[in-house]
Protein chains: 2
Amino acid sequence: MKALIVDDDLALSDVVSFTMRRAGFDVITAHDGRSALERWEAEDPDIIILDLNLPKLDGLSVCKSIRDEGDTPIIILSVRGDEEDVVKGLELGADDYIVKPFSPRQLVARAEAVLRRAKSAPVTPGPMSAGDFMLDPARNDVRIGDDDNIQLTQLECRLLEVLMLNSGQVLTSASIIDSVWGSEGADRVMLKQLVYRLRRKIESEPSEPVHLITISGVGYSFEV
Amino acid sequence: MKALIVDDDLALSDVVSFTMRRAGFDVITAHDGRSALERWEAEDPDIIILDLNLPKLDGLSVCKSIRDEGDTPIIILSVRGDEEDVVKGLELGADDYIVKPFSPRQLVARAEAVLRRAKSAPVTPGPMSAGDFMLDPARNDVRIGDDDNIQLTQLECRLLEVLMLNSGQVLTSASIIDSVWGSEGADRVMLKQLVYRLRRKIESEPSEPVHLITISGVGYSFEV
DNA sequence: TGAACCTGTTACCATCTTGTGACCCATCTG
DNA sequence: CAGATGGGTCACAAGATGGTAACAGGTTCA
């Protein structure tokens, strides 16, 4: 998750950045309105923490511009006494606001709440099956036939999910990496390692895999 | 959904009523503190929009009375400069507040957010059961099978409530925190601690839980 | 006032996860 | 044949994660 922090008060900006980083966000910062828009376009963050009082281009204009061209969730930072601007901001489509001074915890809680609301689509990743495999992405586990459930790590689970979704098809390493690691990216070595670890859990003879098949020079394929 | 609007400013009251009606609420109104309590008892609304500045019986007293006898969600309307009273109101158990002037959109959004929160952890004090567990949210206690009742703290009770309501499903830490702590927020450490304390009360072998299950990297799940 | 309790905080520890480097083998190629 | 390439296997370490415990401030209640 990537957060864009926009605040011209450097001290506060640092506090906010630190808080968000500790909560697991990648943080980008901007200190005036114009650069905020630039960073937004360049980095495509998942959420924006936006101070209203900005040099060069005020927060409300930033808010409006972003809403005109996209739907990145926005949380407004306002000082007490600024209620009018907050209302304008919310009317412009901001998702929530926090009045300074605020507790770091509140900030994180609101950010996560807004994000959860925004991506309400992939809510219930219901169990899926392919052949003998029953995968439950919510629980990170898989059951093969009538055996006991096998606990997977998150990465293993996402890898198996991608493969099972495209059962029988050959997926290139690049596309698998894209699906599993997302925008962060990863190299082939990491995928190789992950495949190895997953095989040890789901293949009865890991050195002679029958489900997670290597297509040399291309990628991998899941066979039932 | 039934909303009780309490405001002595008739013009504003009309605006609020109209907004809420348009959003699909049935609206009841009251214009002073005393009649507010009467309407509340008579109509049992799902949510209350409460102005603090009221004749006959001020908003904070109304808030307190309602909280003493029930748990209908309350959103406080306050004017600028009233922050002290807002804080008092929140301490008395109000669920959220809005500073005038506010946008209709904001009002509806907040009302729905509060209701969503209330629904996900319904404080409606009806006893509920899941498997061997009989939880009484009104009493903050739980009975497992034929054992003696176990007294819980408020937080423990709300946690168990949320989990039992979604028995068998995996809940993420963030959503649990949202349901248990509400807008105040909390971090994962606090949840971890709460889970630990609850387990010591409801699990016969707290170090090997069979009901309150950890889904590593995701959250927790209640299993019967 | 004082005791009991609730809850947030900090600390410590064990375990798990995951990225990284190393090494091996098979295959391909000049 | 020598070297390059792709892939499997293993071990290690930093960091994340979660369970446990002790403590402190605050509240409640007698």
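Naming: A, B, ... by sequence-line order, numbering from 1 per chain.
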Review point. Has B/Q154 got more than 12 heavy atoms of other residues, nucleotides or ligands less than 6.0 Å from its CD?
Key: no
Point to revise | Distance in angstrom units between A/D187 CG and D/dG6 P, rounded | key: 13 Å
Check your understanding: So does A/T153 get a side-chain nitrogen or oxygen closer than 4.0 Å to the phosphate oxygens (OP1/OP2) of C/dT18?
Key -> yes
Review point. Which parts of residues 190-214 of chain A get close to DNA chain C, meaning a heavy atom less than 4.0 angstrom away?
Key: A/M190, A/Q193, A/R197
**Study point:** Sidechain N-carboxylate O distance under 4.0 Å for B/E223, A/R139
**Key:** yes
**Study point:** Between C/dC5 (C1') and B/Q154 (CD): distance, integer Å
**Key:** 13 Å
Check your understanding: Does A/R197 reach the main-chain N or O of A/E156 with its side chain, forming a donor-acceptor pair under 3.5 Å?
Key -> no
Point to revise | Under-4.0 Å side-chain N/O to phosphate OP1/OP2 contact, A/W181 with C/dG19 | key: yes
Check your understanding: Can you check the A/R188 CZ to D/dG8 P distance for me, whole Å?
Key -> 13 Å
Check your understanding: Atom CG of A/L159 and atom CZ of A/R199: how far apart are they, to the nearest 0.5 Å?
Key -> 10.0 Å
Review point. Taking the inter-plane angle between the rings of A/F222 and A/F133 on a 0 to 90° scale, is it parallel (under 30°), tilted (30 to 60°) or perpendicular (over 60°)?
Key: perpendicular
Review point. Backbone N or O of A/L198 within a donor-acceptor pair of the A/E203 side chain at under 3.5 Å?
Key: no
Exercise for review: Could you check how far CG of A/N140 sits from P of D/dT17, rounded to whole Å?
Suggested key: 13 Å
Practice item. Find the distance A/R22:CZ to D/dG15:P and express it as a whole number of Å. Key: 17 Å
Study note, to complete from the structure: note: A/E156, atom CD; C/dG19, atom P; distance rounded to Å ~ 11 Å
